[in-house]
Amino acid sequence: MKKYNFGAGPSILPQEAMKATADACVDFEGLGLSLMEISHRSKEFQKVMDDAQALLKELLQIPDGYSVLFLGGGASLEFAMVPYNYLEKKAAYLNTGVWATKAQKEARLFGEVVEVASSADKNFTYVPKNFEIPADADYLHVTTNNTIYGTELLRDIDSPIPLIADMSSDILSRPVDVSKYVMIYGGAQKNLSMAGVTFVIVKDDSLGKVTRQIPTMLDYRTHIKKGSMFNTPPVVPIYSALQTLKWIKAQGGVEAMDKRAAERATILYDEIDRNKLFRGTAVAEDRSRMNICFVMQDEYKELEKDFLAFALERGMWGIKGHRDVGGFRASCYNAMPVEGVKALVECMKEFEKK
Ligand SMILES: *Cc1c(COP(=O)(O)O)cnc(C)c1O
C-alpha cells in the first residue's frame with residue numbers, strides 16, 4: 001500500500017533527495033568514503049555548501065547583499081539569536097501562535113517587546129491585520145506559517161521597520177520578496193531537509209547595530225565571515241537540503257511549488273467544507289496551504305478516533321492534529337504529491353458513506 005506522510009515535522013521529503021542522501025552516506029560521489037566521514041573542509045564538501053547556498057539564492061531570487069547560512073540549533077535557537085543580534089531597545093512581535101509566542105519570550109530577555117497584535121483570543125484561528133507597527137522599534141518579527149493552528153500569512157507585508165520572519169514551515173512554497181526582510185530563518189525539517197540544520201537568509205548590512213557583546217557562535221557576522229563554516233556544520237542535513245533544492249528546481253522552482261500548494265489546498269479544503277462530518281478550524285481567508293487543520297463536526301466528535309484508524313489503514317500517516325487544536329492536521333509540504341491529498345479526500349468520502 002502506498003503511504004502518504006502528512007506529518008508536521010520532521011516530514012515528507014522528495015524520494016530522490018532521501019535516496020541521494022542515503023547513497024552519499026555510504027559512498028559520497030564515488031570517493032569510496034562516506035559523506036559522514038570526510039572533512040567539512042574538503043573541496044568535495046565545500047562544493048556541497050557552495051551549491052546549496054547558491055541554489056537557495058537562485059530559487060528565492062535572493063538579492064545581492066544577503067548571505068545564506070546553514071546553522072545548528074533549530075529555529076528555536078534563532079528565537080534567541082534574533083534579539084541578541086538586533087534588539088537594542090525595543091522589538092515588535094506579531095503573535096500568531098505557539099512558535100510566535102516562544103520567539104517573543106526570548107526577545108523579552110533582551111529588551112522591551114511590543115506585541116503589535118495577537119490572535120490568542122480565538123485560539124490563533126486567524127492572522128491579525130491592520131495592526132500598528134511602532135516606528136521606534138528595532139524590528140518586527142512575524143511567523144509566516146503557523147504550523148500548529150494552520151494559518152498562514154501569504155503575502156509579504158510592508159513594514160516601515162526591519163522585518164524578520166520565521167518561515168520554518170512554508171519556505172520555498174511560494175515566491176518571496178526577500179528584499180522586504182532583513183532576515184528569514186527556519187528549521188529545515190519541514191520543507192527543506194531532514195532535522196539538524198537551520199537555514200538563515202540575512203542582509204549583511206542589517207547587522208552590527210547593537211551595542212551588547214555577542215558570543216562568537218551566536219553572532220551572525222561570525223558565520224557570514226566564515227561562509228557558514230566557522231565550526232563543523234551539520235553536513236548530512238546540508239547535503240539533503242541541497243538534494244531537495246535540486247528537486248525543487250527540476251520541478252519548476254518556487255512557482256511550481258506555489259501552484260501545487262494552491263492545488264492541494266483547494267482540493268482538501270473543498271472536501272472539508274463539503275463533507276458533513278468535518279469542518280475547518282482556521283478562518284477561510286487565513287487558511288494555511290501547508291498545514292490543513294480540521295475537526296469533526298460537534299455531532300460526530302466521537303468518531304474522531306475511528307477516522308484516524310480508518311485513514312491510517314489506508315496509508316494516511318501523521319494526520320492526528322496537534323493537542324492544542326485537536327482533530328486532524330494534514331501537513332502538505334512541498335514534497336506532498338497532489339495524489340496524496342486526493343487519496344485523503346477519498347478516505348473522507350468513504351468514511352462519510354460508512
Ligand atoms: C517547527 C517550528 C519551529 C521549531 O523548529 P525547531 O527547528 O524544532 O527549533 C519554529 N517555528 C515554526 C513556525 C515551526 O513550524
Side-chain angles (χ1 to χ4, degrees), residues 5-13 69-84 91 93-107 118-120 123-128 139-154 156-157 163-174 176 181 183-201 217-218 223 228 233-234 236-238 240-241 244 261 281-282 286-293 318-325 329-336:
N5 181 7
F6 290 97
S11 40
I12 189 169
L13 286 171
L69 309 173
F70 293 107
L71 308 177
S76 299
L77 183 59
E78 299 309 309
F79 295 165
M81 274 176 82
V82 164
Y84 229 127
Y93 277 73
L94 177 64
N95 190 1
T96 50
V98 162
W99 296 116
T101 305
K102 287 188 174 167
Q104 188 180 127
K105 176 170 174 263
E106 297 304 297
S118 168
S119 47
N123 199 30
F124 301 113
T125 48
Y126 69 103
V127 177
Y139 62 88
L140 170 67
H141 180 281
V142 299
T143 310
T144 50
N145 185 67
N146 300 287
T147 322
I148 293 175
Y149 303 92
T151 64
E152 190 171 8
L153 228 162
L154 273 166
D156 303 308
I157 64 173
L163 182 61
I164 295 178
D166 175 357
M167 294 198 186
S168 292
S169 51
D170 64 349
I171 191 75
L172 294 159
S173 68
R174 65 172 174 92
V176 168
Y181 302 82
M183 201 253 184
I184 295 170
Y185 68 88
Q189 67 274 19
K190 279 132 189 173
N191 259 317
L192 184 58
S193 186
M194 56 190 280
V197 67
T198 315
F199 61 88
V200 170
I201 301 164
M217 267 297 281
L218 301 184
H223 301 287
S228 205
V236 178
I238 293 170
S240 115
T244 304
T281 53
D286 295 326
R287 282 172 163 181
S288 168
R289 309 188 307 181
M290 297 285 103
N291 309 97
I292 299 180
C293 296
I319 64 164
K320 189 172 176 9
H322 188 278
R323 62 188 178 280
D324 287 351
V325 178
R329 170 173 54 173
S331 296
C332 301
Y333 297 124
N334 286 336
M336 175 59 68

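Numbers here simply count residues along the sequence, with the first being 1. Numbering of ligands and ligand atoms starts at 1, following listing order.
- Of the protein's non-hydrogen atoms, the one nearest atom 15 (O) of ligand 1 is Thr147 OG1, 2.4 Å.
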Could you walk me through whether Ser193 and Ser240 pass the side-chain hydrogen bond (donor to acceptor under 3.5 Å, both in side chains) test, one step at a time? CA-CA 6 Å; Ser193 186; Ser240 115; 2.4 Å; yes
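- If you check the side chains of Tyr149 and Tyr126, you find no donor sitting under 3.5 Å from an acceptor.
- Judged by the shortest distance from any of its heavy atoms, Glu78 lies outside the 4.0 Å radius around the atoms of ligand 1.
- Interface atoms of ligand 1 facing Gly74, defined by a heavy-atom separation under 4.0 Å, are 7 (O), 9 (O).
- Of all atoms in ligand 1, numbered sequentially from 1 with element shown, those under 4.0 Å from a heavy atom of Gln189 are 5 (O), 6 (P), 7 (O), 8 (O).
- A donor-acceptor pair is defined here as one N or O able to donate and one able to accept, closer than 3.5 Å; no such pair exists between the side chain of Thr151 and the backbone of Thr125.
- Remark: ligand 1 atoms within the under-4.0 Å shell around heavy atoms of Lys190 are 1 (C), 2 (C), 3 (C), 14 (C), 15 (O).
- Aromatic ring orientation, Tyr185 versus Phe79: perpendicular (interplanar angle above 60°, classes split at 30° and 60°).
- Residue Phe79 has at least one heavy-atom neighbour below 4.0 Å for each of these atoms of ligand 1: 10 (C).
- Looking at Ala75, Gly186, Gly187, Ala103 and measuring to atom 5 (O) of ligand 1, the nearest heavy atom belongs to Ala75.
- In the vicinity of Asp166, heavy-atom distances shorter than 4.0 Å reach the ligand 1 atoms 10 (C), 11 (N), 12 (C), 13 (C).
- Taking every non-hydrogen atom of Thr143 and a distance limit under 4.0 Å, the qualifying atoms of ligand 1 come out as 13 (C).
- In this structure, a donor-acceptor pair under 3.5 Å is present between the side chains of Asn145 and Asn291.
- Residue-level proximity to ligand 1 for Tyr185 is absent, since no heavy atom of it falls below 4.0 angstrom.
- Side-chain N or O atoms of Asn95 include none that pairs as donor or acceptor with a backbone N or O of Ala100 at under 3.5 Å.
- In summary, Lys102 and Asp166 do not engage in a salt bridge, as defined by a charged side-chain N under 4.0 Å from a carboxylate O.
- A side chain to side chain contact (heavy atoms under 4.5 Å, CB included) with Lys190 is found for one member of Ser331, Pro10, Ser169, Ser173 and no other, namely Ser169.
- Counting only heavy atoms of the protein, atom 9 (O) of ligand 1 lies nearest to Ser76 OG, 2.6 Å.
- Residue contact check for ligand 1: Asn145 places a non-hydrogen atom closer than 4.0 Å to it.
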